[in-house]
Amino acid sequence: MEAADWDQRYRGSELVWRAEPNRFVEEELRDLRPSGRAVDLAAGEGRNAVWLAERGWEVDAVDFSGVALEKAERLAADRGVRLRTVRADLTAWTAQPSTYGLALISCLHLPWPRMARVLTRAADCVRTGGTLLLVGHDAANPARGHGGPQDPGVLYTPEQSPTCGDRSPTSCGPRRSPGR
């Protein structure tokens with residue numbers, strides 16, 4: 001889908017997704033102590049970004065839907081937190097290396113060559129000791145999963161996640177959620 005398609009999907013007054021964070025994001029990050037800046041890539045309406053800001057992170061919410069980012073700003077204001085929203089196509093987005101203590105990508109599904117570039121850039125922007133969390137639907141999803149994209153060309157496996165090089169982030173590496 002293109003940015004205009006997502007803008008159309010988000011155009012209604014109600015949230016497309018719920019306001020609470022993705023359950024896997026919350027499960028994986030609830031015990032992570034905030035340590036400065038975080039980036040939520042493909043932030044959509046901001047549910048994960050706002051939750052991170054509520055926990056004490058300084059959050060950049062990046063998405064290519066301006067409508068979604070407006071909703072993210074409203075959700076943040078309603079919850080009394082601040083976000084920095086950035087409208088950008090993640091296939092072209094870059095950040096300074098080692099900028100963030102946390103990079104989050106939740107439910108971004110692109111054809112693999114494009115997704116691999118996004119993952120590499122996300123890994124590059126995490127500082128030493130930081131965390132990169134990728135939450136998405138596994139390549140086995142069409143046969144054994146629940147919901148999510150059914151196009152195998154936009155699904156991936158934990159083994160396809162980026163290596164973290166010599167930066168030694170606290171959390172990096174392939175893992176499936178139990179039962180998936």
Side-chain angles (χ1 to χ4, degrees), residues 1-96 98-110 115 118-119 121-127 129-137 146-149 161 169-172 175 177 180:
M1 287 177 53
E2 298 300 319
D5 299 317
W6 283 107
D7 281 345
Q8 186 61 36
R9 184 169 187 180
Y10 288 126
R11 201 159 308 283
S13 60
E14 299 296 317
L15 294 174
V16 172
W17 314 111
R18 57 193 186 102
E20 293 76 29
N22 173 285
R23 68 183 177 132
F24 298 111
V25 169
E26 184 176 16
E27 180 182 302
E28 292 296 325
L29 298 178
R30 82 177 78 157
D31 295 328
L32 182 65
R33 169 183 258 146
S35 62
R37 294 181 66 191
V39 63
D40 182 358
L41 301 171
E45 297 167 301
R47 65 186 184 145
N48 296 317
V50 167
W51 179 75
L52 291 169
E54 289 173 330
R55 300 193 67 248
W57 291 93
E58 297 171 38
V59 183
D60 292 347
V62 183
D63 200 280
F64 73 168
S65 170
V67 174
L69 291 173
E70 289 170 9
K71 284 184 164 184
E73 290 168 350
R74 284 195 301 272
L75 181 61
D78 290 348
R79 299 267 188 93
V81 295
R82 296 182 61 185
L83 295 179
R84 178 177 169 260
T85 57
V86 178
R87 186 173 183 187
D89 179 340
L90 290 177
T91 62
W93 175 87
T94 59
Q96 292 293 321
S98 304
T99 298
Y100 298 101
L102 169 64
L104 168 63
I105 303 173
S106 178
C107 298
L108 174 65
H109 293 280
L110 299 170
M115 187 68 181
V118 171
L119 289 171
R121 289 179 185 144
D124 289 345
C125 80
V126 176
R127 70 171 187 264
T131 300
L132 168 62
L133 177 63
L134 169 64
V135 175
H137 292 274
H146 174 75
S161 62
T170 13
S171 301
C172 187
R175 188 169 104 204
S177 293
R180 286 174 180 62

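Here, residue 1 is the first one in the sequence, and each next residue gets the next number. Computed from a prediction, not measured in an experiment: that's the story for all the values here.
Separation of atoms OG (Ser65) and CG (Asp89) is listed at 12.5 Å; rounding is to 0.5 Å. Atom CD1 of residue Ile105 and atom CG of residue Leu132 lie 6.0 Å apart, to the nearest 0.5 angstrom. Atom CG of residue Leu52 and atom CG of residue Leu104 lie 6.5 Å apart, to the nearest 0.5 angstrom. In this structure, CD in Glu73 is found 3.5 Å from OG1 in Thr85, a value given to the nearest 0.5 Å. Atom SG of Cys125 and atom CG of Asp60 lie 9.5 Å apart (nearest 0.5 Å). To the nearest 0.5 angstrom, Glu70 atom CD is 8.5 Å from Arg11 atom CZ.
Residue pairs meeting the salt bridge (Lys or Arg N to Asp or Glu O under 4.0 Å) criterion with at least one member in residues 98-109: none, sequence neighbours excluded.
Of the candidates Leu75, Val50, Val59, Val81 forms a side-chain contact (heavy atoms from CB on, under 4.5 Å) with just one, namely Val50. For the side-chain contact (heavy atoms from CB on, under 4.5 Å) test with Pro21, the passing option among Glu26, Arg47, Arg30 is Glu26; the others fail.
Counting heavy atoms from C-beta outward, Asp40 and Trp57 have side chains that stay 4.5 Å or more apart. Asp63 places none of its side-chain heavy atoms less than 4.5 Å from the side chain of Lys71.
A donor-acceptor pair is defined here as one N or O able to donate and one able to accept, closer than 3.5 Å; no such pair exists between the side chain of Arg82 and the backbone of Ala53. At distances below 3.5 Å, at least one donor-acceptor pair connects side-chain atoms of Asn48 with backbone N or O atoms of Asn22.
The environment of Arg33 atom CZ is sparse: at most 12 non-hydrogen atoms of other residues, nucleotides or ligands sit within 6.0 angstrom.
Taking each heavy atom of Val25 and Ser106 in turn, the nearest pair found is CG2-OG, 3.8 Å. When all heavy atoms of Ala88 and Val62 are compared, the pair lying nearest together is CB-CG1, 4.0 Å. Nearest heavy-atom pair across Leu83 and Ala76 is CG-CB, 3.8 Å. Taking every heavy atom of both residues into account, Gly44 and Ala72 meet most closely at O-CB, 4.0 Å. Nearest heavy atoms, Thr131 versus Val126: N-CG1, 3.6 Å.
Looking at residues two or more places apart in sequence or on another chain, you find no side-chain hydrogen bond (donor to acceptor under 3.5 Å, both in side chains) involving Thr99.
Cation-pi geometry between Arg55 and Trp51 is met: the NZ or CZ atom falls under 6.0 Å from the ring centre, inside 45° of the normal.
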